[in-house]
Each structure stands twice: as C-alpha cells, then as structure tokens.
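All residue numbers refer to positions in the sequence shown, counting from 1.
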Amino acid sequence: MQLEFNDPPKLILKGSPREIGLDHGRLLREQIYRQLDVYEEMFEHTAKMSWERVRTLAEEFRASLAEKTPDLYAEMQGIADGAQRDILDIVALNCRSEISFGSFSDGCTSLSWRKNAGAHVLAQNWDWTNMVKENLALVSIEQTGKPKIYMVTEAGIVGKIGFNSAGVGTCLNAIKAHPCISSKMPIHVALRLCLESLSVDDALQRLASLGGVASSQHILIADPQTSLGLELSPLGDVHLTEDEYGMVTHTNHFIQNRFVVEPPSWAPGSDKRLDRVRELAHELAENGIRGEEITASLLRDGIFSDLKNAPQSICCQEDPSRHRTVRPATLFNIVMNLDPQDLKAEVVVGQPGSGTESVVMRMPWD
C-alpha cells in the first residue's frame, strides 16, 4: 500500500477486501468527507432529500450488497471504518446514481475504436460538477485471483472508469429513466465487477448472474477482441456493436434501449454530442488514421477538446446559470490502450485543450 501525493492522489491498494477498504478510507478520509458534503447538498437541491432520507434509502441497497457482493460490501465497510464514517454513508456514495432517481445532471462522451484485430482504444470525457474535482483519485487494486485494476474514481466509490491487467476497460454514461430496483446492482458496483472480469463475455455473465443493474446507465466495455455499448436498465438491456469504422460511440441518452422511457430533454445537447463525436471520429478514420496512429494525444486534440455547441459540447463547459451542484463540466479525459502487449492509459484532469489541464498522468504508474 502506498499513497503518492500528486494531483489527484494515486493509491496502490493490496490485500483482502477489508484491507483494501481500510487503506482507501484512511488515505482519502478528507476527500470522502468533502464528497459527503457535496452529495448532501446535491440531494437537497435536486431531490429535496435530506441526508438522513438518503441513508434510509441506502439501507435497502446495503442489505442487497451484503448478500450479493459480500467482498465489495466488506471493502465498503473497510472504507467506512478507515474514514471513520457510518457504513450507510459509504453505501450512499456508491449508490448515489440510484438513490437520486435520475435527479442529477451527468454528462460524458465515450468512444471505443478498434485499432486492429487484437486491440481497442477506449476513451471518454467525464463530465460532472466541479465540486468533486478535488476528490478524484487514481487507484490500483491488487487482489488474489483477480486481474489488477487501474481506475479513476471518486473518493469512497469502489468502481468507476478504467482497465485491468486482462485488458478489460470500462467507460460510463449516465442515463435518466425510471424505475430503480434496489435489489439489483448499483452501477458503480457493476463497473467494479466488470473490472474484475477476464473478458467482455466474462463481465456480461457476471452481471447477468447477479440479476442485472438497478438503474438505467450505459457502460462502454472493451477487451482486446470485443467492444460493446451496454445500454443497461432494470427492465432489460440492449448491446450496441461496432459500426463500419470499428467504433462504438455514446453520450447520455439511449440509442436503442426502449425497455424504459427517458424524460424528454433531460440531457441537453446529448444528441448533438453524439452526432459530433461520430463526425469527428469518422473523419479521422476516413483520413486514414488507424492502428498505432490512434494515440491518446490525437484523440484529446482531435475529438475530446471539441467545443462545438458549448456549453453542452464534447468538452463540456460550465453553465453559470445553473446551480453549482448541477453545473457539469469536463473534469477529466482518459484514453486507454487495450493492446495486450502494451496495456496503458493516459489521464488528463481538467479541460483537454484548454491550456489549464493537468500534465498527462499515466497508468500503470507502479
């Protein structure tokens, strides 16, 4: 276990689920407290819901997690003990997408691109309130009998965006649609289970065996051979396959999943961002970009820094007319290379192409 004081911090976590959680909670205690303050304000503003009410709803998920995913529940308990908070606070962080019932205003634009027959590039901008930017962390997790995980996450949350030593990577796009079913898996738990899998097929089997997800979301998942857009909902899933360019693209609305009904215009600009990311990516492909030419810097400069249709652009800009808890902006960009011979990722915190983003951070770093 080690903590390097960079921006954001890098955690190297090893051991049993409880040991991993304890170190996570101890090392990110300050960030976890800030996260809880952020989400308390966010729930109050978006759903008129007190934190005590949030904790009451979290109890429904706690019981299900303890039964279905005992290792991850033990890790959450370790985080709670390490941070000196109640377990329901940590469960609430990990189930915040579900407890909010779609009240939050997430963004995000994601892309997978097949480099060749045995490698994919997986990338996204993650858009969320700037209030959580200082609470991000780069985390590696090493557990016996499971692939090693590298991910970018929010303090206190056990699964998010990243890849593992088996070459499985995940991106996330939030979707707003009812219902939410607390006996199913929260999306951040589903992401972690994907990152503990040996392949896309293995991940799909694990999600299905546990009954699917509790809320509507999109996971863009890839391994060296396969990429799929998982349009997930508690009422049924649809899997999007690669287009003629070897790509899957997604923003914040369902493209094919009609098992649930999304509120009209809940994610302003999502359709325009989808058209724009496809336009830019297809243009690169038509210009002959392929294979090793598909680099992280090319994607940051050519796609993920794009400001067309701002503030709801691929590189999302803050809208000062909105409350600060629902004022999304691009907080980081990640580009993962899922080539088995060269597994790696580049992360830039801040607005790519703005000149104010952080230096490029690389995973793995150990």
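- Hydrophobic clustering (ILVMFWY, side-chain heavy atoms < 4.5 Å, transitive): Met361 and Trp365 are in one cluster.
- One finds the NZ atom of Lys344 at 8.0 Å from the CZ atom of Arg362 (value rounded to the nearest 0.5 Å).
- Asp342 has no carboxylate O lying under 4.0 Å from a charged side-chain N of Lys115, or vice versa, which leaves the two without a salt bridge.
- No donor-acceptor pair under 3.5 Å is formed between the side chain of Asp306 and the backbone N or O of Gly302.
- When the side chains of ILVMFWY residues are joined at heavy-atom separations under 4.5 Å, either directly or via intervening members, Leu138 and Val348 end up in two distinct hydrophobic clusters.
- Rounded to the nearest 0.5 Å, atoms OG (Ser215) and CD1 (Ile99) are 10.5 Å apart.
- Rounding to the nearest 0.5 Å places CZ of Arg300 at 8.0 Å from OG1 of Thr295.
- Separation of atoms CG (Leu27) and NZ (Lys10) is listed at 15.0 Å; rounding is to 0.5 Å.
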**Report entry** Worked verdict on Asp223 versus Ser199 for side-chain hydrogen bond (donor to acceptor under 3.5 Å, both in side chains)
**Finding:** CA-CA 6 Å; Asp223 62 22; Ser199 66; 4.7 Å; no
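- Glu357 places a side-chain N or O within 3.5 Å of a backbone atom of Gly353 that can act as its donor or acceptor partner.
- The hydrophobic cluster containing Ile303 also contains Leu298, counting ILVMFWY residues as joined when their side-chain heavy atoms lie under 4.5 angstrom apart, directly or transitively.
- Between the CD1 atom in Ile334 and the CD atom in Glu346 there is a gap of 10.0 Å [rounded to 0.5 Å].
- Proximity of Arg327 to Asn130: side-chain heavy atoms (C-beta onward) are nowhere separated by under 4.5 Å.
- Looking at Asp71, its side chain never comes within 3.5 Å of a backbone N or O of Pro17 through a donor-acceptor pair.
- One hydrophobic cluster, built from ILVMFWY side chains closer than 4.5 Å, cannot hold both Leu198 and Ile149; they sit in different ones.
- Under the 3.5 Å distance criterion, the side-chain polar atoms of Ser64 are left unmatched by any main-chain donor or acceptor of Phe61.
- A salt bridge links Asp86 and Arg55; the closest N-O separation between the charged side-chain nitrogens and carboxylate oxygens is under 4.0 Å.
- Annotation: the span from Met247 atom CE to Leu284 atom CG amounts to 7.0 Å, rounded to 0.5 Å.
- Listed for the Ser112 side chain is no donor-acceptor partner under 3.5 Å among the backbone atoms of Leu122.
- The shortest side-chain heavy-atom distance between Leu191 and Gln217 does not fall under the 4.5 Å cut-off.
- Ile289 is listed as a side-chain neighbour of Trp113, based on a closest heavy-atom distance under 4.5 Å.
- More than 12 heavy atoms of other residues, nucleotides or ligands lie within 6.0 Å of NZ in Lys68, so this atom counts as buried by the packing criterion.
- Residues Asp201 and Thr226 are not in side-chain contact: their nearest non-hydrogen atoms beyond the backbone lie 4.5 Å or more apart.
- When all heavy atoms of Val238 and Phe259 are compared, the pair lying nearest together is CG2-CE1, 4.0 Å.
- No donor-acceptor pair closer than 3.5 Å links the side chain of Tyr33 to the backbone N or O of Arg85.
- A salt bridge is absent between Glu19 and Lys14: the closest approach of a Lys/Arg side-chain nitrogen to an acidic carboxylate oxygen does not fall below 4.0 angstrom.
- Leu65 and Leu22 fall into different hydrophobic clusters, where Ile, Leu, Val, Met, Phe, Trp and Tyr side chains are chained together by heavy-atom contacts under 4.5 Å.
- In this structure, His188 and Leu93 have side chains that are not in contact, with every pair of non-hydrogen atoms separated by 4.5 Å or more.
- With contacts defined as side-chain heavy-atom distances shorter than 4.5 Å, the pair Leu172/Cys108 does not qualify.
- At distances below 3.5 Å, not a single donor-acceptor pair connects side-chain atoms of Arg273 with backbone N or O atoms of Thr251.
- A distance-only check finds a donor-acceptor pair linking the side chain of Gln351 to the backbone of Cys316 [under 3.5 Å].
- A side-chain donor-acceptor contact under 3.5 Å links Arg258 to the backbone of Ile255.
- Under the 3.5 Å distance criterion, the side-chain polar atoms of Thr129 are matched with a main-chain donor or acceptor of Arg324.
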